[in-house]
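Comments concern the structure below.
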Amino acid sequence: MEKLLSHLAHLEITTPDVEASTRFYVEKFGMRLVDSIDGASYLRCWGDHYRYSLVVRHGDEPSLANMAWRTASAEALDAAAASIEAAGVQGEWVPGGHAHGKAYQFTGPYGHSMKLFYEVEKYVAEPGFESVYPDRPERRSSHAAAPRFLDHVTVATSDVRGFADWYNRALGFRIMAFTDLDEAPITVFSVLTTNEKSHDLGVVLDTSDRAGRVNHIAFWVDTHEDLLRTADVMMENGTPMEYGPSIHGIGEQNFLYFREPSTLRVELNSGGYRNYVPDWEAKTWKPSEGSNNFYRNGAMPHSMTESFPAAEGFTATEEGASEEMKQALLNPYAEQGRG
């Protein structure tokens, strides 16, 4: 298959209070508000090469409204649309959105909305924001916690391997790794990528009946010290760390997790390695091997199993499944009337 996708371009999320979430991303996290259109906030990181990487829209619940990916070429956009339809999903062509050209919009087989486009407005810094370095789209932020750019999104699905297989076949995502429970061959996590990163799309197991949920959105900083500084700045200003800082086994990124006002989970990454192997075969990890916690010495908080919007059922994480989820998966007849 020719290369169809280049990278994750932006995410669109919903929140009950756009103003509160926007204020958080600007004042606490160090992103910049570049546009406000029809009640939605368009935010950018200082290292984003396009005009924005996060759109915050109003919604009754925190959710992932859309994930937008840039294709490798104009021809790849047409090829991607044809491949999606050949894989059994019917999308639609839509006119250009804010700062990008025509797009192919579809909902994947597991309920996640995705938009593909090629033509996009390259960001040109406004007066006062120019960098002295030619390759930087904007000068480095003076905010102590500011991320450099958008990194990835991790969604939730009823079938992790089925999800990975479909996105691999339809759009050419490379499957980089899986996590199976120690107790049984049940897959609770996978990472996929469009390039040499360990992942720009993650997926965790979801036992709820609500399709299209998201576990977290993620951004990037250059160094481990930047990540630790962000944790410090966040906590000094009233935002606790939900999990981390630590290191993932899969991908070997430094990580920390926190929540924005809508309760949506945000991750920050640094470090990790690059994988250029064209015929890479995904390995299957166990939580006991350090799939999520490289040092195998930290207990993940139960709150990490929450995905968005809220739904009845259990959600796994990179580290594996909660004890409640394991019981439901390993003994489906434990509940009266399910025999």
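Note that this is a predicted model, so its numbers are computed, not measured.
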Is the shortest side-chain N to carboxylate O distance from Arg139 to Glu130 below 4.0 Å? no
Mind checking whether Phe29 and Phe219 have parallel, tilted or perpendicular rings, split at 30° and 60°? perpendicular
Name of the residue among Tyr118, Tyr50, Trp69, Phe173 meeting ring pair (Phe, Tyr, Trp, His ring centres under 6.0 Å) with His7: Tyr50
Taking NZ, NE, NH1 and NH2 as the nitrogens, is one of them in Arg32 or Glu126 under 4.0 Å from a carboxylate oxygen of the other? yes
Do Glu260 and Lys28 meet the salt-bridge criterion of a basic N to acidic O distance under 4.0 Å? no
Tyr52 vs His10 aromatic rings, parallel, tilted or perpendicular, using cut-offs 30° and 60°? tilted
Does this structure show an ion pair linking Lys197 with Asp151, if we count only N-O contacts that are shorter than 4.0 Å? yes
Is the closest basic N to carboxylate O distance between Lys326 and Asp182 below 4.0 Å? no
Least distance between heavy atoms, Thr71 atom then Ser6 atom: O-CB, 3.7 Å
For the aromatic rings, using the six-membered ring if either is Trp, is the centroid distance between His248 and Phe294 under 6.0 Å? no
Distance under 6.0 Å and angle within 45° of ring axis: Arg70 vs Phe117: no
Whether Arg44 and Glu138 form a salt bridge (side-chain N of Lys/Arg under 4.0 Å from carboxylate O of Asp/Glu) is what I want to check. yes
So, are Asp180 and Arg161 salt-bridged, with charged N and O less than 4.0 Å apart? yes
Smallest separation among heavy atoms of Gly91 and Tyr104, with atom names: N-OH, 2.8 Å
Less than 4.0 Å between a side-chain N and a carboxylate O, is that true for Asp232 and Arg229? no
Kindly indicate whether a cation-pi arrangement holds for Lys102 with Trp93, taking the cut-offs as under 6.0 Å to the six-membered ring centre and within 45° of the axis. yes
Parallel, tilted or perpendicular: which fits the ring planes of Trp220 and Phe149, with parallel below 30° and perpendicular above 60°? parallel
Please report whether the ring centroid of Tyr243 lies less than 6.0 Å from that of Phe255. yes
Using a cut-off of 6.0 Å, state whether more than 12 heavy atoms not belonging to Tyr273 lie near its atom OH. yes
Please say whether the positively charged group of Arg51, taken as NZ for Lys or CZ for Arg, lies over the ring of Tyr123, i.e. under 6.0 angstrom from the six-membered ring centre and within 45 degrees of the axis. no
Heavy-atom count around Glu183 CD within 6.0 Å, excluding the residue itself: above 12? yes
